[in-house]
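These values consider heavy atoms only, across backbone and side chains, with no hydrogens, waters or symmetry-generated copies. Start at 1 with the first residue, then count along the sequence. Everything quoted here is computed from the prediction, not taken from an experiment.
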Amino acid sequence: MNGKLVMILTLALSTVVYSSQALSQENVESLRGMTAIEATSATPEPKPWKGKSDPIARTFSQQPPLIPHKSQNLKINLDQNKCLGCHGPDNYEKKGATRVGESHFVDRKGKTLDHVAPSRYFCTQCHVEQRDTSPLVNNDFKPLEAVQ
């Protein structure tokens, strides 16, 4: 095949692929609604808190546990981490809280530290409050028997 024919076929194929993608996305609505990605979306209303409750069981190995209490007003910044006030190794027994996991003391290079690793310091990167809500999308996920 000569170069001109290859270029024409490539252009035609690209046009078909682009057109089909544009058509398929026409009626898709995200969880943000019809708000454009570039636009600022409204802050969602927080779901009601049902009081302190038993922790929801994890469904897979290494799943971060959910927070079984309110945490919205707990400050976590470079100067302080209010979560560690109760869950840190020095206070968890006095406070009756779950201790921060050992994995939180290992840095990115695998070195064990005597303090929470910087990559694990901002708790709400992984841990979220548990709420009594309906799922956003249907899900038929089943955990492995070994995890239960």
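The minimum heavy-atom distance linking Arg99 with Pro89 is given by the pair NH2-CB, 3.4 Å. Closest non-hydrogen pair, Gln125 versus Ser119, comes out as NE2-O, 3.6 Å.
Follow the hydrophobic side-chain contacts under 4.5 Å out from Phe105 and you reach Phe122 in the same cluster.
Classification of the Phe141-Phe60 ring pair by plane angle, with boundaries at 30° and 60°, yields perpendicular.
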Would you tabulate the side-chain donor-acceptor contacts of residues 107-114 under 3.5 Å, counting partners in other chains and residues two or more places apart, or write 'none'?
from	atom 1	to	atom 2	distance (Å)
Asp107	OD1	Lys109	N	2.9
Asp107	OD1	Gly110	N	3.0
Asp107	OD1	Lys111	N	2.8

Report all side-chain donor-acceptor pairs from residues 76-84 shorter than 3.5 Å, counting only partners two or more places apart or in another chain.
from	atom 1	to	atom 2	distance (Å)
Asn77	OD1	Asp79	N	2.9
Asn77	OD1	Gln80	N	2.9
Asn81	OD1	Cys83	N	2.9
Asn81	OD1	Leu84	N	3.2
Asn81	ND2	Tyr121	O	2.6

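For Glu38, the salt bridge (charged side-chain N to carboxylate O under 4.0 Å, His left out) criterion is met by no residue, not counting sequence neighbours.
Between atom CD1 of residue Ile67 and atom CZ of residue Arg131 there is a gap of 10.0 Å, rounded to the nearest 0.5 Å. Taking NE2 of His104 as the reference point, atom NE2 of His115 lies at 13.5 Å (rounded to 0.5 Å). Put simply, OG on Ser103 and CD on Gln62 are 7.0 Å apart, with the number rounded to the nearest 0.5 Å.
Side chain of Arg58 to main chain of Gln63: a donor-acceptor pair is present (N/O by atom type, distance under 3.5 Å, no hydrogens or angles).
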